[in-house]
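A, B, ... follow the sequence lines: proteins, then strands. Residue 1 opens every chain.
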There are 2 protein chains.
Amino acid sequence: MSDRALTVELEHHAYPIYIGSDLLLDDGLLSRHVMGRQVMLVTNDKIAPLYIGTVQRAFASYQCDVVVVPDGEIHKNQQTVLMIYEALIQHNHHRDTTIIALGGGVVGDVTGFVAATYKRGVRLIHIPTTLLAQVDASIGGKTGINHLGGKNNIGSFYRPHAVIMDLNTLKTLSLRELRSGVAEVIKYGLLVGGDFLALIESFLSHDLIPLNTDALYLLIKQSCQIKAEIVQEDEFETGRRALLNLGHTFAHALESYTNFERWLHGEAVAIGLYCAALLSYQLNLITMVDVDYVDALLKRAQLPRRIPKDIDIDGLYELMFHDKKIKNKSLRFVLMKAFGTCYLDETVTQAQLRSVLLAVIE
Amino acid sequence: MSDRALTVELEHHAYPIYIGSDLLLDDGLLSRHVMGRQVMLVTNDKIAPLYIGTVQRAFASYQCDVVVVPDGEIHKNQQTVLMIYEALIQHNHHRDTTIIALGGGVVGDVTGFVAATYKRGVRLIHIPTTLLAQVDASIGGKTGINHLGGKNNIGSFYRPHAVIMDLNTLKTLSLRELRSGVAEVIKYGLLVGGDFLALIESFLSHDLIPLNTDALYLLIKQSCQIKAEIVQEDEFETGRRALLNLGHTFAHALESYTNFERWLHGEAVAIGLYCAALLSYQLNLITMVDVDYVDALLKRAQLPRRIPKDIDIDGLYELMFHDKKIKNKSLRFVLMKAFGTCYLDETVTQAQLRSVLLAVIE
């Protein structure tokens with residue numbers, strides 16, 4: 001096991017990330033990070049029939065309650081939060097309870113927020129079951145819900161006590177969801193460049209995404225390492241952590257504009273990555289060859305890279321600049337000078353943004 | 001000013017507590033702890049007409065928005081939280097906004113929770129305007145709301161960036177509210193004993209509570225010092241901080257049982273302090289003379305010390321033990337071995353609790 005565990009080292013609080021096969025069958029591992037005698041398992045209606053029994057078995061001698069929340073980004077909201085609070089209160093969960101988030105990014109974000117705010121904070125274990133949640137959402141302690149149309153408008157930073165990734169859970173993932181996760185992996189590749197980008201390239205050289213191979217394990221492990229290293233350096237996103245938002249200024253606007261119903265998060269990120277590449281090109285930072293490389297990589301993963309023409313660019317543009325009335329506020333974009341060399345830019349003009357959006361539409 | 005500022009020293013985050021007269025007139029002091037150009041002032045309908053103009057003046061050159069929430073513990077809830085979120089979103093407040101809580105404990109607790117959870121945490125300044133909020137609620141970073149009948153069921157630990165106490169605001173406080181604050185001061189006196197308890201005794205030797213005197217300043221300053229010192233040592237209440245709950249196990253049950261409508265928090269604490277004294281006596285920890293001393297001190301402050309007979313003791317008792325079905329869970333009481341020597345006890349039996357409740361009813 002030890003060769004398959006990373007650690008996120010934060011001041012006064014380090015937490016382990018376990019990555020491997022059959023980890024959900026390891027009762028000792030699951031219960032190792034529970035302290036009291038109470039466990040609240042939060043999962044969604046898609047995951048519940050697949051894995052809930054397995055996880056419950058590890059807690060046969062505990063008070064183990066379950067709350068099943070509806071699936072999907074549109075349910076990452078206050079209502080779902082209240083539903084989990086209610087289950088906790090109804091079953092008398094105390095300050096020393098442990099909440100386990102079993103599912104994808106939505107379950108993780110909502111459950112993390114509940115763990116951060118129930119009784120001023122209780123223990124939290126993430127068991128991410130999607131590629132996207134494994135390589136991104138479950139690491140770094142960001143929790144949040146969407147409120148009044150804004151993505152992650154409400155949330156907090158809250159550190160989990162452990163993250164357990166069972167690679168087997170990826171086998172039940174739809175191809176669409178798997179690809180959505182690959183978008184975040186590609187993001188890491190563009191951020192760090194070099195060998196990792198080459199690894200992704202070779203991974204995507206197959207016609208199908210290879211599951212249950214050492215390649216996938218390596219991809220997840222290295223993605224987690226990249227994210228953990230950045231989080232360790234800048235937990236509260238006062239600086240470098242913002243680079244993880246490569247492609248996300250576009251992605252969040254696209255998701256918000258379509259009421260979180262049209263794309264999976266990773267799909268919106270894929271379009272955003274292409275937009276970020278094109279913006280970097282228009283600012284003379286990278287070449288068109290680089291832009292084409294990004295495009296080809298995303299295409300290989302069968303991810304969307306263009307804004308469909310039924311999206312009203314004026315409306316999207318308006319949404320992105322909706323805070324323009326605030327003085328001293330400009331949009332922040334992560335731009336690429338080269339693969340592996342990204343930086344935060346606050347000087348993009350409205351005209352430049354508009355020109356990119358118009359070029360990306362199809 | 002410097003002689004009237006304390007500092008709470010927490011790892012990686014120290015915040016000042018300013019105590020003095022006319023502080024709300026000091027524009028420089030108010031704006032010193034604001035970083036961006038946006039301020040959201042949260043206050044209640046009682047405080048707004050009295051002080052909002054004064055505070056707004058200090059932020060004439062900022063985007064300064066105001067949200068007025070309803071007054072009272074019954075409004076320390078999710079609905080008020082949503083009301084403040086909505087104002088923030090409507091006025092486009094960013095991650096670098098500063099939220100100012102201007103009011104008593106309810107405004108402080110709710111606003112603190114919003115600051116902790118809006119955009120994963122924004123700057124927070126407390127301007128407590130009641131004695132209770134000054135000596136207790138505004139210090140130590142506890143935020144919270146009541147949910148589904150449970151006091152502070154939802155909340156988080158979140159450190160303010162500054163606490164500003166203007167003694168002048170106490171002049172507009174009702175006598176009932178002032179007394180409610182004195183209950184928490186008496187609690188500190190029982191916790192630390194010695195000179196501070198003597199100071200409280202002399203303070204209460206007058207027929208009226210003396211406002212705007214050096215005595216009141218001293219009382220507030222020393223209360224803040226006592227609390228700050230405990231919080232510095234045990235911010236997340238894993239140990240010693242729990243002593244601050246002296247009288248509160250009873251108080252919370254009384255408040256919850258009466259739907260937070262019958263007593264001000266400090267009044268419930270006063271009854272709770274008497275109950276705690278009597279419980280300590282019944283366990284042979286202190287003498288009846290000690291119990292009478294506590295009773296006399298609370299009486300001097302014209303605070304309630306008995307449970308009115310229309311309260312159903314069985315119901316109250318049931319409420320306090322409502323978690324009895326959870327194994328390994330007992331009620332925790334802070335008990336007194338002497339004034340200045342309190343400890344956390346988890347061995348109180350149901351029979352002992354019942355006997356105290358029956359003795360305190362009148």
Closest non-hydrogen atom pair between B:Ser156 and A:Ala116, with its separation: CB-O, 3.9 Å
Is A:Glu86 in contact with chain B via its backbone, its side chain, both, or neither, using a 4.5 Å heavy-atom distance? both
Part of B:Gln78 lying under 4.5 Å from any heavy atom of chain A: side chain
Apply side chain to side chain contact (heavy atoms under 4.5 Å, CB included) to A:His147 and B:Leu82, showing your working. CA-CA 10 Å; A:His147 190 63; B:Leu82 292 175; 3.6 Å; yes
Of the options B:Asn152, B:Asn153, B:Ile154, which is the one that meets A:Arg120 in a side-chain contact (heavy atoms from CB on, under 4.5 Å)? B:Asn152
Checking A:Phe113 against chain B: side chain, backbone, both or neither under 4.5 Å from a heavy atom? side chain
